[in-house]
Amino acid sequence: MKTAELFNNKTVLSFEVFPPKRTASVETIYETLDELKVSGIDNILALRGDVSGEFGGFSDFKYACDLISFIKKQSDFNILAACYPEGHMESKSTVNDIRNLKGKVDAGASQCVTQESLMPLNKLLI
């Protein structure tokens, strides 16, 4: 069941999984997507994650839209993305931030999550 439908009928729980960025690769993500599908998972929140000096980030997925696009091409998961109504701290401007959000949507995200709530795209005013 897709997240947009879940909230209409019942209480929803979520779990976060943080793979170690140093050892993650495209092969690992293929395996993880297969495991999630076999387990009956329908929804994925695709995040780039914070870039730190210790871990860097995924070399294959520099931005969240890259990961979203990859997941969308591999499967029929419902993909959620992060959005920042007050602007992301790494963004140069609000306009740039909106362009980044559009890139996530164009890559295949169907809903956006903020620190405050789940926001369907048809309710997001840009």
Side-chain angles (χ1 to χ4, degrees):
M1 180 177 287
K2 307 295 184 195
T3 53
E5 299 163 0
L6 289 174
F7 293 108
N8 293 328
N9 302 318
K10 62 182 178 179
T11 301
V12 178
L13 301 174
S14 67
F15 299 91
E16 296 182 36
V17 178
F18 299 97
K21 291 184 178 185
R22 285 182 287 206
T23 61
S25 67
V26 171
E27 293 78 28
T28 303
I29 295 173
Y30 277 124
E31 293 169 9
T32 301
L33 292 174
D34 288 343
E35 290 172 15
L36 292 172
K37 188 49 75 178
V38 168
S39 299
I41 304 298
D42 292 323
N43 305 286
I44 294 178
L45 173 56
L47 304 171
R48 177 199 70 181
D50 294 334
V51 176
S52 71
E54 180 182 355
F55 296 116
F58 289 116
S59 60
D60 296 307
F61 306 106
K62 185 174 181 180
Y63 301 106
C65 64
D66 300 330
L67 179 60
I68 292 166
S69 178
F70 177 84
I71 294 169
K72 194 67 173 177
K73 288 176 185 172
Q74 305 308 316
S75 63
D76 65 342
F77 287 106
N78 180 54
I79 304 171
L80 295 86
C83 66
Y84 306 89
E86 295 180 8
H88 190 279
M89 64 182 173
E90 294 176 17
S91 185
K92 296 174 183 155
S93 69
T94 303
V95 171
N96 188 53
D97 205 46
I98 292 170
R99 285 186 184 130
N100 290 336
L101 176 59
K102 183 179 183 326
K104 294 174 186 181
V105 173
D106 291 346
S110 62
Q111 292 173 293
C112 295
V113 176
T114 71
Q115 292 281 341
E116 300 295 322
S117 65
L118 183 69
M119 185 180 297
L121 291 177
N122 62 352
K123 303 284 186 192
L124 184 64
L125 300 175
I126 297 178

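Remember, predicted model here, so these are calculated numbers, not experimental data.
- Placement of Leu36 and Ile71 within a single hydrophobic cluster is found when ILVMFWY residues are connected by side-chain heavy-atom separations under 4.5 Å, directly or transitively.
- Listed by chain and number, the residues in a side chain to side chain contact (heavy atoms under 4.5 Å, CB included) with Val95 are Ser93, Arg99 (sequence neighbours excluded).
- Between Ala46 and Leu67, the closest heavy-atom pair is CB-CD2, 4.2 Å.
- Under the side chain to side chain donor-acceptor pair (under 3.5 Å) criterion, Glu27 pairs with Ser25, sequence neighbours left out.
- Of the inter-residue distances, the one linking Asp97 atom CG with Lys92 atom NZ reads 12.5 Å to the nearest 0.5 angstrom.
- By the 4.5 Å heavy-atom criterion applied to side chains, Glu35 and Ile41 are not counted as neighbours.
- Every residue meeting the side chain to side chain donor-acceptor pair (under 3.5 Å) condition with Asp106, not counting sequence neighbours, appears here in chain and number order: Lys102.
- Residues Lys104 and Tyr63 fail the side-chain proximity criterion, which asks for heavy atoms closer than 4.5 Å.
- The two residues Ala82 and Leu47 come nearest to each other via the heavy atoms CB-CD2, 3.7 Å.
- If you run side-chain contact (heavy atoms from CB on, under 4.5 Å) between Ile44 and each of Asn78, Leu80, Leu33, only Leu33 comes through.
- Asn43 contributes atom CG, which lies 7.0 Å from atom CD of Gln111 (distance to the nearest 0.5 angstrom).
- Closest non-hydrogen pair, Ile68 versus Ala81, comes out as CD1-CB, 3.8 Å.
- Here the shortest heavy-atom pairing between Cys83 and Cys112 reads SG-CB, 3.4 Å.
- Contact record, Gln74 with Tyr30: OE1-CE2, 3.1 Å, taken as the closest heavy-atom pair.
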